[in-house]
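Heads up, the thing below is written out as structure tokens.
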Amino acid sequence: QVQLVESGGGSVQPGGSLRLRCAASGDIYSSNYMGWFRQVSGKEREGLAVISTDGIRVYADSAKGRFTISQDNAKTTVYLTMGVLQPEDSAVYYCAAKTTPRTRGSSLLSAGEYNYWGQGTQVTVST
């Protein structure tokens with residue numbers, strides 16, 4: 001079992017920045033990937049960025065150039081640093097961990113690949 005707790009969400013003006021934090025506990029060393037996703041009510045959960053245990057990063061086009069995923073040396077905390085935020089970035093942001101083998105042909109940014117999820121943290125971008 002892996003437990004994930006997100007923090008760092010809040011309200012910010014357009015053009016602003018936020019850093020989200022995901023604290024992982026439990027059998028975290030069984031995970032091979034951790035990632036950040038977001039979801040707007042009524043829409044599918046969107047993959048933003050994932051990082052492997054050896055530091056390989058994959059970004060969605062919507063995140064490239066503005067968002068950075070990172071992890072601490074102990075691999076127990078994952079961050080998402082977000083810049084130049086826009087109102088369309090408003091969503092609930094989720095941290096996820098994957099402990100299962102990768103599904104052939106499936107994207108690492110697919111929510112269905114992840115079997116552990118945090119409770120989410122709200123990000124609101126508005127004037």
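Start at 1 with the first residue, then count along the sequence.
- When side chains are defined from C-beta on, Pro14 counts as touching Pro87, because their heavy atoms get closer than 4.5 Å.
- A donor-acceptor pair under 3.5 Å is formed between the side chain of Arg66 and the backbone N or O of Val84.
- Residues Ser31 and Ala97 come closest through the heavy atom pair CB-CB, 4.3 Å.
- In this structure, Glu88 places its CD atom where more than 12 heavy-atom neighbours from other residues, nucleotides or ligands lie under 6.0 Å away.
- A distance-only check finds no donor-acceptor pair linking the side chain of Lys75 to the backbone of Val78 [under 3.5 Å].
- Residues Gly55 and Gln71 come closest through the heavy atom pair N-NE2, 4.0 Å.
- Each of Tyr94 and Tyr59 belongs to its own hydrophobic cluster when Ile, Leu, Val, Met, Phe, Trp and Tyr are linked at side-chain heavy-atom distances under 4.5 angstrom.
- Both Tyr116 and Ile51 belong to a single network of hydrophobic side chains, linked directly or stepwise wherever heavy atoms of I, L, V, M, F, W or Y lie under 4.5 Å apart.
- Of all non-hydrogen atoms in Met34 and Ile69, the two that sit nearest each other are O-CD1, 4.0 Å.
- Between the CZ atom in Arg19 and the CG atom in Leu80 there is a gap of 10.5 Å [rounded to 0.5 Å].
- A donor-acceptor pair is defined here as one N or O able to donate and one able to accept, closer than 3.5 Å; no such pair exists between the side chain of Glu46 and the backbone of Val40.
- The ring-ring contact (aromatic ring centres under 6.0 Å, His included) test with Phe37 singles out one residue from Tyr114, Tyr93, Phe67, and that residue is Tyr114.
- Val123 places a side-chain heavy atom less than 4.5 Å from the side chain of Met82.
- A distance of 7.0 Å separates OG1 in Thr99 from CG in Asn32, rounded to the nearest 0.5 Å.
- Taking every heavy atom of both residues into account, Leu48 and Leu109 meet most closely at C-CD2, 3.9 Å.
- Cluster annotation: Val92 and Trp36 are assigned to distinct hydrophobic clusters (Ile/Leu/Val/Met/Phe/Trp/Tyr, side-chain heavy-atom contacts under 4.5 Å, transitive).
- Scanning all heavy atoms of the two residues, the minimum distance from Arg45 to Ala111 falls at CB-CB, 4.3 Å.
- The shortest heavy-atom contact between Leu4 and Ala24 is CD2-CB, 3.7 Å.
- Between the CG atom of Asp54 and the OH atom of Tyr33 there is a distance of 7.5 Å, given to the nearest 0.5 Å.
- Side chain of Thr124 to backbone of Ser90: no donor-acceptor contact under 3.5 angstrom is found.
- Considering OG of Ser25 and CD of Gln1, their distance stands at 10.5 Å, rounded to 0.5 Å.
- Note that CZ of Arg21 is 10.5 Å distant from SG of Cys95, once rounded to the nearest 0.5 Å.
- Without hydrogens or angle criteria, Glu6 side chain to Gln119 main chain gives a donor-acceptor distance under 3.5 Å.
- In this structure, CD in Gln13 is found 7.5 Å from OG1 in Thr127, a value given to the nearest 0.5 Å.
- Two residues are said to be in side-chain contact when any heavy atoms from C-beta on lie closer than 4.5 Å; Thr76 and Tyr29 meet this criterion.
- The closest side-chain donor-acceptor pair between Glu113 and Thr103 falls under 3.5 angstrom.
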